[in-house]
J.: 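Take a look at the following structure, please.
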Amino acid sequence: MSITNLESVTPVDMNTFRNVVGHFASGVTVITTAVDGQLYGTTASAVSSLSMEPPMMLACLNRSSSTHDRVVEAGVFGINILAEDQGALAFHFGRKGEDKFATVPHTLSAEGIPLIDGALATIVCHVAETPTGGTHTVFLGLVSHAEAHDREPLAYYRGTMGRLEPTKELAAYQATRTWVLLRTSPLGEDLDVDAIAAASRADADHVANALVKLESEHLVFRTESGKYQPKPITAELTDSAYDSRATIESGVIASHLGKISEETISGLREITAKLADLRETSESDLEEFLALNVAYHDALVGVAGSSQLVDSFRRLGIGTVWRQALTAEQWSRQLDHRHVAELTEALAAGDAPAAQAALAAHTEFGKALAREAVARHGGQV
């Protein structure tokens with residue numbers, strides 16, 4: 001078999017790769033292990049069966065994960081395939097710096113590996129080989145125990161977790177919402193359900209349902225003929241969206257400030273630093289700026305460990321309107337990250353009043369900028 005000269009291969013763009021592989025629907029698992037009675041676990045989706053004879057599984061773990069090193073040390077690991085009602089556990093085990101099993105019902109296998117109660121299936125593997133690829137180690141494990149239960153799986157599809165069918169609906173909703181906010185169909189033009197479905201590879205019925213939901217969110221309206229059209233975005237709508245998002249983030253800060261891990265703080269600081277770099281670059285990218293803002297706020301809301309709360313927060317986002325409302329010169333001159341930096345340091349210090357004040361300032365800044373952008377377009381976008 002010939003081996004490709006990898007130095008001659010140009011890798012695909014990372015954002016393109018992330019988008020494409022996100023179309024692969026997979027289950028969600030928690031990889032667990034134990035060393036000297038101490039239990040470890042981390043969320044993973046890169047898991048699959050490898051062979052039937054002998055029975056083997058494959059699991060990929062990032063080498064930066066503490067669970068990775070413990071699996072290497074223990075030589076045995078558990079695969080817990082989560083059920084549809086265990087989405088919160090995926091967030092729980094995705095964080096670092098805490099005793100993750102203190103509040104999670106589990107049973108120890110004969111090898112002492114924690115297996116999560118209520119999972120769709122549990123599998124115990126003994127490490128046979130450990131090839132590496134990129135930032136990950138691929139653990140090839142010989143299966144010594146496997147048990148399944150009559151439950152529905154937790155599915156992961158295009159960045160969303162849930163039951164597979166509702167997850168498809170959510171993907172269609174997100175695609176339809178982006179279509180509307182990007183004004184792919186201009187104001188005054190009917191929204192073509194079939195065209196949106198074809199472009200987003202979604203079911204037409206799911207797109208139709210998404211339009212019903214978007215009408216309740218005041219982003220589209222129904223004409224006398226029964227068709228939907230994009231609804232103009234006004235200053236009143238942008239104010240409402242910013243206030244609602246701030247309410248969610250304020251609640252997360254009030255309830256979960258003490259639970260923010262060092263890993264999360266480190267991630268927020270990294271994003272803040274990247275935002276600062278973009279502000280100093282004359283040819284900075286609006287798309288990257290918006291993506292970083294989304295990542296920052298998703299990480300903050302994600303501290304609550306609720307996929308439903310993160311989903312509700314995302315649905316209030318109107319960041320795509322900036323692509324229509326601002327030129328490159330306008331956005332680079334006006335978008336600012338200073339309140340985000342203040343918020344990050346307040347969160348790191350565990351200073352709730354300072355964090356709330358920074359969040360309020362950030363919200364007011366965003367609202368003011370949105371009003372200016374809308375006014376520049378004659379009062380609607």
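What's counted below: heavy atoms across the whole structure, side chains too, no hydrogens, waters or symmetry copies. What you see is a predicted model; the values in this text were computed from it and never measured.
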J.: Once rounded to the nearest 0.5 Å, what's the spacing between atom CZ of F365 and atom NE2 of H339?
T.: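 Atom-to-atom, F365:CZ and H339:NE2 are 6.5 Å apart.
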
J.: If we ignore hydrogens and angles and just use 3.5 Å, is the side chain of R201 paired with the main-chain N or O of A198 as donor and acceptor?
T.: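 No, because the side chain of R201 does not come within donor-acceptor range (under 3.5 Å) of the backbone of A198.
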
J.: Can you establish whether the number of heavy atoms outside H218 located under 6.0 Å from its atom NE2 is more than 12?
T.: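 No.
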
J.: Please check this pair: side chain of R70 against backbone of S65, looking for a donor-acceptor N/O pair closer than 3.5 Å.
T.: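 A pair under 3.5 Å: no.
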
J.: Return yes if a side-chain donor-acceptor contact under 3.5 Å exists between T272 and T344, otherwise no.
T.: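 Yes - a donor-acceptor pair under 3.5 Å links their side chains.
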
J.: Is R338 paired with E342 through a side-chain N to carboxylate O contact shorter than 4.0 Å?
T.: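 Here E342 does not pair with R338 in a salt bridge, since their nearest N and O are not under 4.0 Å apart.
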
J.: Between N80 and I116, what is the shortest heavy-atom contact and its length?
T.: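 Minimum heavy-atom contact is OD1-N, 2.7 Å.
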
J.: Which pair of non-hydrogen atoms, one from A204 and one from D194, has the smallest distance, and what is that distance?
T.: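 Closest heavy-atom pair between A204 and D194: CB-OD1, 4.0 Å.
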
J.: Do the side chain of T363 and the main chain of L359 share a donor and acceptor less than 3.5 angstrom apart?
T.: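 Side chain of T363 to backbone of L359: a pair is present.
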
J.: Indicate yes or no: at least one non-hydrogen side-chain atom of V124 is less than 4.5 angstrom from one of E111.
T.: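 Yes; the side chains approach each other to less than 4.5 Å.
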
J.: With a 4.5 Å cut-off on side-chain heavy-atom distances among I, L, V, M, F, W and Y, is there a chain of contacts connecting V138 to V127?
T.: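 No, because V138 and V127 fall into different hydrophobic clusters, even though each may have its own neighbours under 4.5 Å.
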
J.: Is a side-chain donor-acceptor pair under 3.5 Å present for S261 with T264?
T.: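 Per modelled atom types, T264 and S261 side chains form a pair under 3.5 Å.
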
J.: Report the C-alpha separation of L115 and H145 in whole Å, then their side-chain angles, then the decisive distance to 0.1 Å, and conclude whether the side-chain contact (heavy atoms from CB on, under 4.5 Å) test is met.
T.: CA-CA 11 Å; L115 302 177; H145 166 85; 4.1 Å; yes

J.: Assess whether side-chain contact (heavy atoms from CB on, under 4.5 Å) is satisfied between Q86 and V28, documenting all intermediate values.
T.: CA-CA 9 Å; Q86 294 181 311; V28 183; over 6 Å; no

J.: Any chance you could lay out the side-chain contact (heavy atoms from CB on, under 4.5 Å) test for Y228 and F221, step after step, and finish with the verdict?
T.: CA-CA 6 Å; Y228 285 99; F221 69 95; over 6 Å; no

J.: Between A74 and V35, which heavy-atom pair has the shortest distance, and what is it?
T.: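 So the two residues come closest at CB-CG2, 4.0 Å.
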
J.: Hey, is the main chain of G251 close enough, under 3.5 Å, to the side chain of S255 for a donor-acceptor pair?
T.: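 Yes; judged by distance alone, with no hydrogens or angles, the pair exists.
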
J.: Among the clusters formed by ILVMFWY side chains lying less than 4.5 Å apart, do L187 and L219 turn up in the same one?
T.: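 L187 and L219: separate clusters.
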
J.: Less than 4.5 Å apart, any side-chain heavy atom of L347 and any of I253?
T.: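 Yes. Closest side-chain heavy atoms under 4.5 Å.
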
J.: Taking everything shown except E236 itself, do over 12 heavy atoms lie less than 6.0 Å from its CD?
T.: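 Check fails, neighbour count at 12 or below.
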
J.: If I take atom OG1 from residue T33 and atom CG from residue L39, how far apart are they, to the nearest 0.5 angstrom?
T.: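 Rounded to the nearest 0.5 Å, the OG1-CG separation comes to 9.0 Å.
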
J.: Can you find a heavy atom in the side chain of I113 that is under 4.5 Å from one in the side chain of L108?
T.: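 No, every pair of side-chain atoms sits at 4.5 Å or beyond.
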
J.: If we only count heavy atoms from C-beta on, is the L58 to V47 side-chain gap below 4.5 Å?
T.: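 No. Closest side-chain heavy atoms not under 4.5 Å.
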
J.: Evaluate the side-chain contact (heavy atoms from CB on, under 4.5 Å) criterion for residues T122 and E147: first the C-alpha distance (whole Å), next the side-chain angles of each, then the deciding distance (0.1 Å), finally the verdict.
T.: CA-CA 5 Å; T122 54; E147 184 176 358; 4.0 Å; yes

J.: So, T223 and D190: side-chain donor and acceptor under 3.5 Å apart, yes or no?
T.: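 D190 and T223 do not have a side-chain donor-acceptor pair below 3.5 Å.
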
J.: Salt-bridge test for K231 and E215: reply yes if a basic N is under 4.0 Å from a carboxylate O, no otherwise.
T.: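 Answer for the salt bridge query: no.
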
J.: Taking C-beta and beyond as the side chain, do T32 and T42 meet within less than 4.5 Å on heavy atoms?
T.: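 A side-chain contact under 4.5 Å is absent here.
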
J.: Which distance, rounded to the nearest 0.5 Å, do you find between the NE2 of H68 and the CG of N62?
T.: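 H68 atom NE2 to N62 atom CG measures 8.0 Å (nearest 0.5 Å).
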
J.: Give the cluster check for V143 versus L50: same hydrophobic cluster or not, with ILVMFWY residues linked at side-chain heavy-atom distances below 4.5 Å.
T.: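 Each belongs to a different hydrophobic cluster.
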
J.: Residues in side-chain contact (heavy atoms from CB on, under 4.5 Å) with S51, at least two apart?
T.: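 Partners of S51 by the side-chain contact (heavy atoms from CB on, under 4.5 Å) criterion, ordered by chain and then number, come out as P54, M56.
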
J.: Hydrophobic clustering (ILVMFWY, side-chain heavy atoms < 4.5 Å, transitive) - are I123 and L142 grouped together?
T.: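 They do not share one cluster, since no chain of ILVMFWY contacts under 4.5 Å joins L142 to I123.
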
J.: Within the 3.5 Å criterion, strictly below it, is a donor on H126 or S144 matched to an acceptor on the partner's side chain?
T.: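 Their side chains do contain a donor-acceptor pair, which is all the 3.5 Å distance test asks for.
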
J.: Taking atom CD of E217 and atom CG of L211, what is their separation to the nearest 0.5 Å?
T.: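 So the gap between those two atoms works out to 11.0 Å.
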
J.: In Å, rounded to the nearest 0.5 Å, how long is the span from CG of L191 to CZ of R222?
T.: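 It is 13.0 Å, given to the nearest 0.5 Å.
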
J.: Any donor-acceptor pair under 3.5 Å linking the side-chain atoms of S200 with those of W179?
T.: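 No - no donor-acceptor pair under 3.5 Å links their side chains.
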
J.: Report yes or no: do F93 and F139 belong to one cluster of Ile/Leu/Val/Met/Phe/Trp/Tyr joined by side chain heavy-atom distances under 4.5 Å?
T.: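 The answer is no; the residues belong to distinct hydrophobic clusters.
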
J.: Are H92 and T43 close enough that some pair of their side-chain heavy atoms sits under 4.5 Å apart?
T.: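 H92 does not reach T43 side chain to side chain.
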
J.: Quick check on side-chain hydrogen bond (donor to acceptor under 3.5 Å, both in side chains): which of T238, D239, D243 does K367 satisfy it with?
T.: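 Going through the options one by one, the only one that passes is D243.
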
J.: Looking at I31 and F77, what are the two nearest heavy atoms and their distance?
T.: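 For I31 versus F77, the nearest heavy atoms are CG2-CD1, 4.1 Å.
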
J.: Do NZ/NE/NH1/NH2 and the carboxylate oxygens of E84 and R151 come within less than 4.0 Å?
T.: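 Salt bridge between E84 and R151, a charged N being under 4.0 Å from a carboxylate O: no.
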
J.: Taking all non-hydrogen atoms of both residues into account, name the closest pair between P230 and S185 and its distance.
T.: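 Taking P230 first and S185 second, the nearest heavy atoms are CG-O, 3.3 Å.
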
J.: Can you check whether N209 reaches K213 side chain to side chain, under 4.5 Å on heavy atoms?
T.: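 In short, these two side chains do not touch, never coming nearer than 4.5 Å.
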
J.: May I ask you to establish whether K100 and Y40 are in a cation-pi arrangement, using a distance under 6.0 Å from NZ or CZ to the six-membered ring centre and at most 45° from the ring axis?
T.: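 Not satisfied by the 6.0 Å and 45° rule.
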
J.: I need the single residue from L120, L89, L82 that forms a side chain to side chain contact (heavy atoms under 4.5 Å, CB included) with L154. Which is it?
T.: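 Single side chain to side chain contact (heavy atoms under 4.5 Å, CB included) partner of L154 among L120, L89, L82: L82.
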
J.: Enter the distance from E249:CD to L343:CG here, rounded to the nearest 0.5 Å.
T.: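 Going from CD on E249 over to CG on L343, the span is 7.5 Å.
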
J.: Parallel, tilted or perpendicular: which describes the rings of H297 and H362, with under 30° parallel and over 60° perpendicular?
T.: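 The rings of H297 and H362 lie parallel, inter-plane angle below 30°.
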
J.: Looking at R63, I'd like to know if its CZ atom is crowded, meaning that more than 12 non-hydrogen atoms belonging to other residues, nucleotides or ligands lie closer than 6.0 Å.
T.: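 Counting other residues, nucleotides and ligands, CZ of R63 exceeds 12 neighbours.
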
J.: With a 4.5 Å cut-off on side-chain heavy atoms, are I196 and T176 touching?
T.: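 Answer yes - side chains close enough.
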
J.: Minimum heavy-atom separation for A348 and R269, please, with both atom names.
T.: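 Distance-wise, the nearest heavy atoms are CB-NH2, 3.4 Å.
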
